[in-house]
Chemist: 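Just passing along the structure, written as structure tokens.
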Amino acid sequence: MTAVTAVLDRAGKLPGWARSALIAAGLVLVLSITVTLTGQLQLTSSGTSEAAVRLGLPILFAALGGLWSERAGIINIGLEGMMVLGTWGAAWAGYLGGPWAAVLGGLAFGALGGLLHAIATVTFNVNHIVSGVAITLLGTGLTKYLASLVFTPVSQNPRQSPRIDGFTEFSVPGVSQGLAALEAQQRVFVSDLAGLLSGLVTGLTPIVVLGLALVPVSYWILWRTPFGLRLRSAGEAPVAAESLGVNVVLHKYTAVIISGGLAGIGGAALVLNPGQLGYLENQVGGRGYIGLAAMIFGNWRPAGLLVGSALFGYVDGLQLRAGGEAVHALLYGATLVAVAVAVLWAIRRMWTAAAVALGSGAVVYALYWTFDTVPSEFASYAPQLVTLIVLAAASQRLRPPARLGEPYRRGEGR
């Protein structure tokens with residue numbers, strides 16, 4: 001027991017990327033065991049992985065937007081509305097100028113929503129939640145009006161835009177074929193890992209590459225540059241930052257506008273999805289809120305929100321491709337994860353946490369044993385249910401910025 005505890009303590013001292021890699025390998029192992037015991041091959045198929053990337057991409061952009069805003073101390077529950085604005089802006093600009101114009105249009109309209117949120121919260125000290133809800137309502141109403149005004153004469157439908165041109169898809173040569181060959185061999189763990197990795201190198205578009213690249217870029221800017229230090233100080237100790245000469249108001253404005261722009265690109269990612277290629281009313285479908293949840297799950301860190309976005313995108317892609325039976329099999333995998341977590345807590349002699357984890361696993365397994373499938377009505381809401389469960393499980397280890405959501409007035413540090 002002592003030796004195992006020592007190993008776990010050493011693992012806890014590993015760099016963040018190494019711990020994330022270990023957790024990812026453990027989850028792949030759980031999925032592999034679940035596939036072997038349930039026969040649900042879609043759990044680790046390349047098709048599910050590719051769908052997860054496309055569906056998780058808008059959530060990733062929204063989560064990155066939340067990261068920038070909340071690290072500066074501004075709660076941005078208006079990410080949903082900024083994404084909605086981004087969908088219309090992307091469809092309009094994409095119809096006029098192609099896919100790159102769609103990205104820029106989404107960014108511009110999302111940034112406009114971010115600017116409104118910054119004016120309300122930073123300049124006028126409006127409650128951040130109230131302002132965010134207002135931005136979402138405004139974005140929803142404004143895009144409906146603009147769609148009926150601009151798209152109706154072209155598409156003959158006020159609820160959708162005409163089809164726009166998308167990016168040309170590409171795959172990483174050699175790698176995608178090799179992974180496909182490994183997946184076809186149906187080897188335990190190896191083929192499962194190959195299927196999951198295949199989605200990262202197959203059917204890619206420039207906006208997917210942009211989203212993945214922005215994760216390390218955001219980390220480098222926020223944690224490795226003087227600008228990032230000043231921006232984070234605006235969310236941790238704005239009075240102390242101002243006393244040292246930091247323009248706190250300017251950094252808050254910059255962060256929230258960047259946040260809106262990133263959420264707007266998330267809306268553009270929805271519009272440029274190869275299966276959509278256009279604006280459709282209500283197509284955001286709560287992904288802004290899920291992006292905010294992914295950011296919170298990731299503890300306001302880029303690597304963590306990437307994992308959260310991948311998780312939600314995976315569940316969404318799985319239920320779309322395989323329906324209730326695959327989600328039902330996922331309950332078995334959740335049971336294995338709960339048991340593993342219970343064992344880890346028991347090794348650390350945290351008996352209450354271990355008992356809660358074991359009890360949760362028992363409940364999930366009872367659901368798996370009782371039902372043969374998950375009804376389609378519930379399966380379609382699987383991403384939202386996962387959001388609630390993950391946030392509840394992660395709530396004990398969260399460490400938000402110290403002054404998040406608190407009002408600030410220029411001159412407090414003088």
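Computed over heavy atoms, backbone and side chain alike; hydrogens, waters and symmetry mates excluded.
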Chemist: Do Val133 and Leu137 have side chains that get closer than 4.5 Å, going by heavy atoms?
Modeler: yes
Chemist: Keeping Ser69 on the side-chain end and Gly66 on the backbone end, is there a donor-acceptor pair under 3.5 Å?
Modeler: no
Chemist: Please list every donor-acceptor pair under 3.5 Å in which a side-chain atom of residues 82-103 meets a protein atom from a residue at least two apart or in another chain.
Modeler:
| from | atom 1 | to | atom 2 | distance (Å) |
| --- | --- | --- | --- | --- |
| Thr87 | OG1 | Val84 | O | 2.5 |

Chemist: Of the non-hydrogen atoms in Ile129 and Asn127, which two are nearest, and what is the gap between them?
Modeler: N-OD1, 2.9 Å
Chemist: Is there a side-chain contact between Ser309 and Phe61, using heavy atoms and a 4.5 Å cut-off?
Modeler: no
Chemist: I'd like to check Arg71 versus His251 (side-chain heavy atoms, cut-off strictly below 4.5 Å). Are they in contact?
Modeler: no
Chemist: What's the spacing between Thr373 OG1 and His328 NE2 if we round to 0.5 Å?
Modeler: 7.0 Å
Chemist: For a quick test of reading the model, state the closest non-hydrogen atom pair linking Leu358 to Ala342 and the distance between them.
Modeler: N-CB, 3.8 Å
Chemist: Could you tell me whether the side chain of Leu31 reaches within less than 4.5 Å of the side chain of Asp192, counting heavy atoms only?
Modeler: no
Chemist: Tell me, do Pro274 and Glu169 make a side-chain contact under 4.5 Å, heavy atoms counted?
Modeler: yes
Chemist: Could you give the distance from CG (Asn299) to CG (Leu305), rounded to the nearest 0.5 Å?
Modeler: 10.5 Å
Chemist: Are a donor atom and an acceptor atom from the side chains of His128 and Thr121 found within less than 3.5 Å of each other?
Modeler: no
Chemist: Treating Arg287 as the side-chain partner and Gln283 as the backbone partner, does any N or O pair qualify as donor plus acceptor under 3.5 Å?
Modeler: yes
Chemist: Which heavy atom in Ala326 sits nearest to a heavy atom in Leu43, and how many Å separate them?
Modeler: O-CD2, 3.8 Å
Chemist: Establish, for the pair Arg232 and Trp300, whether the NZ or CZ atom is under 6.0 angstrom from the six-membered ring centre and no further than 45 degrees off its axis.
Modeler: no
Chemist: In terms of side-chain geometry, is the basic nitrogen of Lys252 or Glu70 positioned less than 4.0 Å from the acidic oxygen of its partner?
Modeler: no
Chemist: Which heavy atom of Phe297 sits nearest a heavy atom of Gly308, and at what distance?
Modeler: CD2-CA, 3.5 Å
Chemist: What distance separates Tyr332 OH from Gln40 CD, expressed to the nearest 0.5 Å?
Modeler: 13.5 Å
Chemist: Between the main-chain N or O of Ser46 and the side-chain N or O of Ser198, is there a donor-acceptor pair closer than 3.5 Å?
Modeler: no
Chemist: Would you say Ser49's side chain and Ser45's backbone share a donor-acceptor pair under 3.5 angstrom?
Modeler: no
Chemist: Sub-3.5 Å donor-acceptor pair from the side chain of Ser32 to the main-chain atoms of Val28, do we have one?
Modeler: no
Chemist: Within the structure provided, determine whether Ile221 and Trp68 are in side-chain contact (heavy-atom separation under 4.5 Å).
Modeler: yes
Chemist: Indicate yes or no: at least one non-hydrogen side-chain atom of Leu292 is less than 4.5 angstrom from one of Asn76.
Modeler: no
Chemist: Kindly indicate, with the supporting measurements, whether the criterion side chain to side chain contact (heavy atoms under 4.5 Å, CB included) is fulfilled by Thr38 and Tyr368.
Modeler: CA-CA 11 Å; Thr38 65; Tyr368 172 79; 3.6 Å; yes
Chemist: Judged by modelled atom types alone, do Arg403 and Tyr408 share a side-chain donor-acceptor pair under 3.5 Å?
Modeler: no
Chemist: Taking atom types as modelled and ignoring hydrogens, do the side chains of Gln42 and Thr48 form a donor-acceptor contact shorter than 3.5 angstrom?
Modeler: yes
Chemist: Kindly give the heavy-atom pair with the smallest separation between Leu231 and Ala255, and that separation in Å.
Modeler: CD1-CB, 3.7 Å
Chemist: For Leu331 and Phe371, run side chain to side chain contact (heavy atoms under 4.5 Å, CB included): C-alpha distance rounded to whole Å, both residues' side-chain angles, the deciding distance at 0.1 Å, then the answer.
Modeler: CA-CA 11 Å; Leu331 294 176; Phe371 301 100; over 6 Å; no
Chemist: Could you walk me through whether Ser259 and Leu79 satisfy the side chain to side chain contact (heavy atoms under 4.5 Å, CB included) test, starting with their C-alpha distance in whole Å, then the side-chain angles of each, then the deciding distance to 0.1 Å, before giving a yes or no?
Modeler: CA-CA 8 Å; Ser259 172; Leu79 289 169; 3.7 Å; yes
Chemist: For Arg159, does the CZ atom have more than 12 heavy-atom neighbours from other residues, nucleotides or ligands under 6.0 Å away?
Modeler: no
Chemist: Roughly how far, to the nearest 0.5 Å, is CG of Leu212 from CG of Leu306?
Modeler: 7.0 Å
Chemist: Please check this pair: side chain of Ser155 against backbone of Asn157, looking for a donor-acceptor N/O pair closer than 3.5 Å.
Modeler: yes
Chemist: Starting at CG of Leu272, measure out to OG1 of Thr205 and round the result to the nearest 0.5 Å.
Modeler: 7.5 Å
Chemist: Does Trp223 have more than 12 heavy atoms from other residues, nucleotides or ligands lying within 6.0 Å of its CH2?
Modeler: yes
Chemist: Using modelled atom types only, decide if a donor and an acceptor are shared between the side chain of Glu80 and the backbone of Ile77 within a distance under 3.5 Å.
Modeler: no
Chemist: Within a 6.0 Å radius of atom OH on Tyr145, are there more than 12 heavy atoms belonging to other residues, nucleotides or ligands?
Modeler: no
Chemist: In Å and rounded to the nearest 0.5 Å, what is the CD1 to CG distance from Ile265 to Leu270?
Modeler: 12.5 Å
Chemist: Name the residue from Leu204, Leu200, Val201, Thr202 that meets the side chain to side chain contact (heavy atoms under 4.5 Å, CB included) definition with Glu50.
Modeler: Thr202
Chemist: Tell me, with the steps shown, if Val284 and Thr140 meet side chain to side chain contact (heavy atoms under 4.5 Å, CB included).
Modeler: CA-CA 10 Å; Val284 174; Thr140 303; over 6 Å; no
Chemist: Salt bridge check, Arg54 against Asp316: does any charged N sit closer than 4.0 Å to a carboxylate O?
Modeler: no
Chemist: Check whether more than 12 heavy atoms from other residues, nucleotides or ligands sit under 6.0 Å from atom CD of Glu281, and answer yes or no.
Modeler: yes
Chemist: At their closest point, which heavy atom of Gly361 faces which heavy atom of Ala338, and how far apart are they?
Modeler: CA-CB, 3.5 Å
Chemist: Got a donor-acceptor contact below 3.5 angstrom from the Glu183 side chain to the Ala194 backbone?
Modeler: no
Chemist: Can you find a pair of side-chain heavy atoms, one from Leu398 and one from Ile296, that are under 4.5 Å apart?
Modeler: yes
Chemist: Keeping Gln276 on the side-chain end and Val271 on the backbone end, is there a donor-acceptor pair under 3.5 Å?
Modeler: no
